[in-house]
Engineer: 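Quick one: this structure, given as structure tokens, is what I'll be asking you about.
Bear in mind that the values here come from a model prediction, so they are computed numbers and not experimental data. FYI, the numbering just counts along the sequence from 1.
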Amino acid sequence: MEKNKMNNQIEQSKENNKKIFLWIVDYFEENNKMPTLEEIGRQFNFTRERARQKMEKMVKYGWIIKKGKGKAGAYFPSLKAIKKLKVEK
């Protein structure tokens with residue numbers, strides 16, 4: 001039973017990240033640039049640090065591509081992930 005609950009929480013977390021990712025893609029397409037961490041946090045009502053953590057999770061999923069290292073790194077949506085996730089939408 002506990003394993004099922006944990007799997008459900010993981011799936012719910014991934015769904016929440018998917019919503020954030022799709023919003024980022026829409027923002028990117030509309031503004032021709034990535035939203036700042038502050039803008040992501042404002043949109044979804046969490047801190048800049050939580051937005052950074054979410055972005056790192058999306059990098060691990062392969063949804064976001066990070067170029068560069070550290071604070072100088074730039075993020076870009078993965079075209080492959082956009083196609084896949086927009087179809088599932």
Engineer: Return the CD1 to CD1 distance between Ile40 and Ile24, rounded to the nearest 0.5 Å.
Structural biologist: 4.0 Å

Engineer: Considering non-hydrogen atoms only, spot the tightest contact between Gly62 and Ser78 and give its length.
Structural biologist: O-CB, 3.3 Å

Engineer: Any chance you could measure Ile20, atom CD1, to Phe44, atom CZ, to the nearest 0.5 Å?
Structural biologist: 5.0 Å

Engineer: So, does Glu29 use its side chain to make a donor-acceptor pair with the main chain of Asp26 at under 3.5 Å?
Structural biologist: no

Engineer: Could you pull out the closest heavy-atom pair between Lys54 and Phe46, with the gap in Å?
Structural biologist: CG-CZ, 4.2 Å

Engineer: Quick check on the hydrophobic clustering: are Met58 and Ile65 connected, directly or via other members, by side-chain heavy-atom contacts under 4.5 Å?
Structural biologist: no

Engineer: Just jot down the side chain to side chain donor-acceptor pair (under 3.5 Å) partners of Arg42, sequence neighbours excluded, or say none.
Structural biologist: none

Engineer: How long is the straight-line distance from CG of Asn16 back to NZ of Lys14, given to the nearest 0.5 Å?
Structural biologist: 13.0 Å

Engineer: I'd like to check the side chain to side chain donor-acceptor pair (under 3.5 Å) partners of Gln43; sequence neighbours left out, ordered by chain and number.
Structural biologist: none

Engineer: Carefully, step by step, assess Lys80 and Trp63 under the rule side chain to side chain contact (heavy atoms under 4.5 Å, CB included).
Structural biologist: CA-CA 8 Å; Lys80 189 175 181 181; Trp63 297 355; over 6 Å; no

Engineer: Does Arg52 CZ have over 12 foreign heavy atoms under 6.0 Å away?
Structural biologist: yes

Engineer: Rounded at 0.5 Å granularity, tell me how far CG in Leu37 sits from CD in Gln53.
Structural biologist: 10.5 Å

Engineer: Please find the pair of heavy atoms, one from Ala51 and one from Gly41, that lie closest to each other, and give the distance.
Structural biologist: CB-N, 4.1 Å

Engineer: Hey, what do you get for NZ (Lys57) to CZ (Phe21), rounding to the nearest 0.5 Å?
Structural biologist: 16.0 Å

Engineer: Any chance you could lay out the side chain to side chain contact (heavy atoms under 4.5 Å, CB included) test for Lys66 and Glu56, step after step, and finish with the verdict?
Structural biologist: CA-CA 9 Å; Lys66 185 175 181 183; Glu56 289 300 322; 3.4 Å; yes

Engineer: In this structure, are over 12 heavy atoms from other groups packed under 6.0 Å from Glu49 atom CD?
Structural biologist: yes

Engineer: How many angstroms lie between atom CE of Met34 and atom CZ of Phe76, to the nearest 0.5 angstrom?
Structural biologist: 8.0 Å

Engineer: I'd like to check the side chain to side chain contact (heavy atoms under 4.5 Å, CB included) partners of Lys33; sequence neighbours left out, ordered by chain and number.
Structural biologist: Tyr27, Asn31

